[in-house]
K.L.:
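What follows is a structure written as structure tokens; I'll ask about it next.
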Amino acid sequence: MRYELVLFDNDGVLVDSEPISNRLLAGYLTELGHPTSYEDSLRDYMGAALHRVHDLVRERTGRRLPEDFDDVFHRRVFAAFARELEPVPGVDDVLEKLAADQVPYCVASSGSHQRIRVGHARTGLDRWFDDGRIFSSEDVGRGKPAPDLFLHAARRMGVPPERCVVVEDSPLGVQAAVAAGMDVYGFTAMTPAARLAGATGLFGDMAELAGLLA
């Protein structure tokens with residue numbers, strides 16, 4: 001394998017959480033007086049840390065979101081995860097092959113550590129990711145599209161950026177990987193290929209990923 005580390009985004013790549021979280025985010029913002037459709041949420045916030053939601057709302061309206069916004073949103077998301085969340089089809093096979101081939105991998109997500117762990121516990125992916133393989137935007141000062149998170153994860157895993165590859169499904173994530181000097185494969189299951197411009201390659205089914213990484 002030509003890469004020494006595979007960095008996975010979490011939401012939409014490992015767990016099929018983007019439809020759930022963006023539906024709830026759009027509903028909550030609308031409830032607070034910031035009309036937002038599901039499509040708006042995908043366009044503006046998919047792949048981003050929650051601070052982007054605060055920043056964009058304030059920039060557009062001059063108003064701050066409530067202080068308890070993050071806590072309320074997370075409670076709603078975690079409740080929905082417990083009912084609905086599933087792993088992305090085929091991702092177990094990808095992780096099993098990486099483990100069998102002894103290829104190092106980790107997750108580098110805009111989501112909080114709690115969100116990552118809740119999702120993995122619900123879907124059974126926790127068996128693939130111990131604490132040493134989990135990195136969150138909480139660990140760095142800036143989330144995607146800044147490269148900080150990917151660079152932090154690579155440094156902690158002991159691999160230079162040019163030997164890393166990122167698996168992403170959001171434009172912000174692709175931008176972050178490119179800025180980090182890493183190859184990046186864009187997953188188009190939910191995101192139009194045109195929005196992942198700059199990716200090293202694109203794929204629409206997890207069954208294709210192993211061949212791309214080889």
Side-chain angles (χ1 to χ4, degrees), residues 7-81 107-116 118-119 134-153 161 166-182 184 186-199:
L7 298 91
F8 290 94
D9 177 42
N10 188 58
D11 295 291
V13 171
L14 296 177
V15 295
D16 194 16
S17 54
E18 293 291 9
I20 299 170
S21 58
N22 282 282
R23 182 186 77 230
L24 293 172
L25 179 57
Y28 189 24
L29 288 173
T30 300
E31 179 185 318
L32 293 172
H34 305 286
T36 305
S37 69
Y38 173 71
E39 290 74 20
D40 292 338
S41 185
L42 289 176
R43 181 194 65 226
D44 293 339
Y45 305 122
M46 182 174 166
L50 272 181
H51 69 76
R52 179 177 170 87
V53 181
H54 290 266
D55 292 346
L56 281 185
V57 168
R58 188 178 182 194
E59 176 185 314
R60 291 169 174 174
T61 70
R63 295 160 53 198
R64 292 180 181 272
L65 292 170
E67 287 189 8
D68 64 348
F69 178 87
D70 291 12
D71 290 339
V72 172
F73 178 63
H74 281 135
R75 283 199 299 271
R76 294 182 182 188
V77 167
F78 295 160
F81 279 4
V107 58
S109 171
S110 292
S112 66
H113 278 281
Q114 184 184 16
R115 177 182 173 122
I116 297 166
V118 166
I134 297 177
F135 303 97
S136 160
S137 62
E138 291 181 322
D139 302 331
V140 295
R142 299 181 300 168
K144 305 169 189 178
D148 303 36
L149 175 58
F150 290 140
L151 292 173
H152 169 72
V166 176
V167 184
E168 265 287 354
D169 72 329
S170 76
L172 294 176
V174 169
Q175 291 171 40
V178 171
M182 301 176 181
V184 53
F187 185 38
T188 61
M190 278 194 61
T191 307
R195 295 199 66 213
L196 300 178

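Values below: all heavy atoms of this structure, side chains included; hydrogens, waters and symmetry mates excluded.
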K.L.:
Taking distance alone, no hydrogens or angles, what donor-acceptor pairs closer than 3.5 Å link side-chain atoms of residues 64-73 to residues at least two apart or in another chain?
P.N.:
| from | atom 1 | to | atom 2 | distance (Å) |
| --- | --- | --- | --- | --- |
| Asp70 | OD1 | His54 | NE2 | 2.7 |

K.L.:
On a heavy-atom basis, which atom in Leu42 and which in Arg195 lie closest, and how many Å separate them?
P.N.:
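Nearest pair, atom of Leu42 first, then Arg195: O-NH1, 4.1 Å.
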
K.L.:
What is the minimum heavy-atom distance between Glu18 and Asp11, and which atoms define it?
P.N.:
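Closest heavy-atom pair between Glu18 and Asp11: OE2-O, 3.3 Å.
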
K.L.:
Show, in sequence, the C-alpha distance, side-chain angles and deciding distance for Ser109 and Arg115, and conclude whether the side-chain contact (heavy atoms from CB on, under 4.5 Å) test is met.
P.N.:
CA-CA 10 Å; Ser109 171; Arg115 177 182 173 122; over 6 Å; no

K.L.:
Checking the side chain of Ser110 only, and the main-chain atoms of Gly47 only, is there a donor and an acceptor separated by less than 3.5 Å?
P.N.:
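Yes; judged by distance alone, with no hydrogens or angles, the pair exists.
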
K.L.:
Measuring from Glu168:CD to Gln175:CD, what's the distance to the nearest 0.5 Å?
P.N.:
10.0 Å

K.L.:
Check whether Ser136 reaches the backbone of Gly111 with its side chain - one donor and one acceptor, N or O, closer than 3.5 Å.
P.N.:
yes

K.L.:
To the nearest 0.5 angstrom, please state how far the CG atom of Leu196 sits from the OG atom of Ser170.
P.N.:
7.5 Å

K.L.:
Evaluate the side chain to side chain donor-acceptor pair (under 3.5 Å) criterion for residues Thr191 and Asp169: first the C-alpha distance (whole Å), next the side-chain angles of each, then the deciding distance (0.1 Å), finally the verdict.
P.N.:
CA-CA 6 Å; Thr191 307; Asp169 72 329; 4.8 Å; no

K.L.:
For Phe150, which residues count as a ring-ring contact (aromatic ring centres under 6.0 Å, His included) partner, sequence neighbours excluded?
P.N.:
none

K.L.:
So that I can tick it off, tell me whether Arg43 and Asp40 are bridged by a salt bridge, with the cut-off set at under 4.0 angstrom between side-chain N and carboxylate O.
P.N.:
yes

K.L.:
Shortest non-hydrogen contact from Leu24 to Ala80?
P.N.:
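Closest heavy-atom pair between Leu24 and Ala80: CD1-CB, 3.8 Å.
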
K.L.:
Of the non-hydrogen atoms in Ser17 and Gly12, which two are nearest, and what is the gap between them?
P.N.:
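Distance-wise, the nearest heavy atoms are OG-N, 3.8 Å.
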
K.L.:
Does the side-chain contact (heavy atoms from CB on, under 4.5 Å) test come out yes or no for Leu29 and Tyr45, once each step is laid out?
P.N.:
CA-CA 12 Å; Leu29 288 173; Tyr45 305 122; 3.9 Å; yes

K.L.:
Got Leu172 and Met46 here, is their nearest side-chain heavy-atom distance under 4.5 Å?
P.N.:
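Answer no - side chains too far apart.
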
K.L.:
Nearest 0.5 Å, please: how far is CZ in Arg52 from CZ in Arg142?
P.N.:
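Reported value, rounded in 0.5 Å steps: 14.0 Å.
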
